[in-house]
Structure formats: structure tokens, C-alpha cells
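Letters go in sequence order (proteins before strands), and every chain restarts at 1.
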Amino acid sequence: GAVVSQHPSWVICKSGTSVKIECRSLDFQATTMFWYRQFPKQSLMLMATSNEGSKATYEQGVEKDKFLINHASLTLSTLTVTSAHPEDSSFYICSARPSGGYEQYFGPGTRLTVT
Amino acid sequence: AQSVTQPDIHITVSEGASLELRCNYSYGATPYLFWYVQSPGQGLQLLLKYFSGDTLVQGIKGFEAEFKRSQSSFNLRKPSVHWSDAAEYFCAVVRGTGGFKTIFGAGTRLFVKA
């Protein structure tokens with residue numbers, strides 16, 4: 001149980017285009033989902049907290065107009081990287097917190113490369 | 001400010017040897033504590049968690065962790081390491097306020113030698 005999927009697992013896009021990453025909780029409902037960015041050999045950096053049916057809360061320094069987050073249902077959150085640039089290349093990981101719980105379950109991550 | 005410290009950036013142990021990964025936290029109240037493991041190019045997998053009660057918690061893959069309030073520690077242990085345990089390990093704390101954000105330690109990379 002407690003499986004979170006991410007799609008796509010890797011994507012290559014050209015500079016200036018937009019990319020959408022999906023995060024789904026497959027066997028539980030998640031009121032809250034999180035989006036992280038991870039640089040090589042570093043810990044996770046929280047980008048934003050996504051709550052179902054409301055606007056996402058972004059961490060300081062994260063551009064909300066560049067990283068659009070939508071949490072349309074209790075099992076789906078999406079992250080759209082708009083007008084991507086090479087510096088946006090990174091490993092993006094989502095996680096989902098079961099309703100009423102404190103632990104997080106993580107997706108397998110999405111490797112984004114912007115050329 | 002709340003923080004999580006993993007003092008060891010990397011640790012090397014021999015296969016079959018015991019393992020202890022250290023984690024210290026700074027938090028005013030009893031936190032919710034977690035250990036996660038990340039294999040290369042993968043997401044994080046929850047190993048175990050502590051909320052309250054018995055201070056020695058058992059997790060998956062033969063791991064256990066002990067909460068010691070007096071030392072503000074939550075060290076991860078395994079009696080006999082397998083080569084497949086080589087990975088990055090993250091200790092994490094959930095704050096009880098401010099949206100229950102998770103604060104991660106910097107991680108400890110475990111290398112296992114034959």
C-alpha cells in the first residue's frame with residue numbers, strides 16, 4: 001500500500017517550452033502533496049506544499065509563476081515548469097501525505113533536462 | 001529554528017557488519033521522526049517512524065531506530081548490513097505546527113564493501 005506514482009520518469013525539453021509532471025497517490029487519498037527539487041548528492045529542497053482544492057504554498061525563493069502547481073483531486077497533483085531554462089534541469093520528487101497522517105510517501109522522481 | 005543533523009556525510013561498512021546512522025534534531029516539543037532511504041535515481045522510501053510510545057521502533061528491511069529524548073537523537077541501526085543496503089539515508093522531522101512540514105537532514109551515504 002501507500003504507492004505514489006510520478007509521470008514522466010524523465011523528460012527532455014527545449015528551452016522556453018513548458019513541462020507538466022503528474023503525481024498520483026494510487027491507493028490512498030492525500031489532502032496534502034509536496035513538491036521537492038533535488039540536486040546531485042544533496043538533500044531534498046521543498047518547493048511547495050499543495051493542498052487539495054486550494055492554492056499551493058510556495059517556499060521562499062520559489063517562483064510561483066514559473067512552477068505552477070495544481071491539486072485538483074485527492075489523488076492528483078501536477079507541477080508545470082513554465083518557460084523552462086537549462087538551470088531548471090533537476091530531479092523533481094513529489095510526495096503525498098495520507099489524510100490524517102504525518103508520514104509522506106514519495107514518488108520515484110522525474111529527471112528533467114532542459115536543452 | 002527546527003533542524004535535523006546527520007553528522008556523517010558518508011559511512012562505509014563491511015557486508016555482514018552492524019550499522020548505526022546518527023540523527024540529532026532540534027525541536028521544542030516531541031517531534032514526529034522518520035527515516036527514509038533513497039536508492040540512486042529513485043524517490044524516497046519510508047523505513048520507519050516514531051510518533052509516541054515505545055522508543056525502539058522496528059521498520060522494514062531489518063532496520064530499527066531508537067528515540068532518545070535526553071540526547072535529542074533518533075539513530076538508525078541494523079545488526080547485519082547487506083550489499084543492497086547501499087543507498088542514501090535521510091532522517092526527517094515533522095513539525096507539529098506550521099503546516100506539518102517535514103524537515104530533512106542532509107543525508108548519509110552508506111557504502112557497503114564486500
Asker: Give a yes or no on whether Leu76(A) and Phe67(A) share a hydrophobic cluster (residues Ile, Leu, Val, Met, Phe, Trp, Tyr; joining criterion: side-chain heavy atoms under 4.5 Å apart).
Answerer: no
Asker: Do any pairs count as a salt bridge (charged side-chain N to carboxylate O under 4.0 Å, His left out) and have a residue in residues 2-22 of chain A, sequence neighbours left out, and if so which ones?
Answerer: Glu22(A)-Arg24(A)
Asker: If hydrophobic clusters are built by linking Ile, Leu, Val, Met, Phe, Trp and Tyr wherever their side-chain heavy atoms come under 4.5 Å apart, do Ile69(A) and Leu74(A) end up in the same one?
Answerer: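 They do not share one cluster, since no chain of ILVMFWY contacts under 4.5 Å joins Ile69(A) to Leu74(A).
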Asker: Chain B heavy atoms under 4.5 Å from Phe91(A): which part of the residue, side chain, backbone, both or neither?
Answerer: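 Answer is side chain: those atoms of Phe91(A) sit under 4.5 Å from chain B.
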Asker: Within a reach of under 6.0 Å around NE2 of His10(B), are more than 12 heavy atoms found that belong to other residues, nucleotides or ligands?
Answerer: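 No - once you tally the heavy atoms of other residues, nucleotides and ligands closer than 6.0 Å, there are 12 at most.
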Asker: May I ask you to list the residues in residues 36-48 of chain A that approach chain B closer than 4.5 angstrom, counting heavy atoms only, ordered by number?
Answerer: Tyr36(A), Gln38(A), Gln42(A), Ser43(A), Leu44(A), Leu46(A)
Asker: Which residues in residues 35-53 of chain B have a heavy atom less than 4.5 Å from any heavy atom of chain A?
Answerer: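 Contacts with chain A: Tyr36(B), Gln38(B), Gly41(B), Gln42(B), Gly43(B), Leu44(B), Leu46(B), Lys49(B), Phe51(B).
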Asker: Would you give the length of the straight line joining atom OG1 of Thr102(B) to atom CZ of Arg97(A), rounded to the nearest 0.5 angstrom?
Answerer: 5.0 Å
Asker: Once the angle between the rings of Phe106(A) and Phe104(B) is folded into 0 to 90°, is it parallel (under 30°), tilted (30 to 60°) or perpendicular (over 60°)?
Answerer: perpendicular
Asker: State yes or no: do Leu79(A) and Val11(A) share one hydrophobic cluster built from I, L, V, M, F, W and Y residues joined by side-chain heavy-atom distances below 4.5 Å, directly or via other members?
Answerer: yes
Asker: Please determine whether residues Leu76(B) and Val13(B) belong to a single hydrophobic cluster, defined as Ile, Leu, Val, Met, Phe, Trp and Tyr linked transitively by side-chain heavy-atom distances below 4.5 Å.
Answerer: yes
Asker: For His7(A), is the NE2 atom crowded, meaning more than 12 foreign heavy atoms sit under 6.0 Å from it?
Answerer: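 Count not over threshold, so no.
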Asker: Does Val4(A) belong to the same Ile/Leu/Val/Met/Phe/Trp/Tyr cluster as Phe90(B), with side-chain heavy atoms less than 4.5 Å apart forming each link?
Answerer: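 Linked, Val4(A) and Phe90(B) end up in one cluster.
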Asker: Output a table of donor-acceptor pairs, distance under 3.5 Å, between side-chain atoms of residues 107-114 of chain B and any protein atom two or more places apart or on a different chain; print 'none' if there are none.
Answerer:
| unit_1 | atom_1 | unit_2 | atom_2 | d |
| --- | --- | --- | --- | --- |
| Thr108(B) | OG1 | Gln6(B) | NE2 | 3.3 |
| Thr108(B) | OG1 | Asp8(B) | O | 2.6 |
| Arg109(B) | NE | Glu88(B) | OE1 | 3.0 |
| Arg109(B) | NH2 | Glu88(B) | OE1 | 3.4 |

Asker: Counting only heavy atoms not in Ile9(B), do more than 12 fall under 6.0 Å of its CD1?
Answerer: no
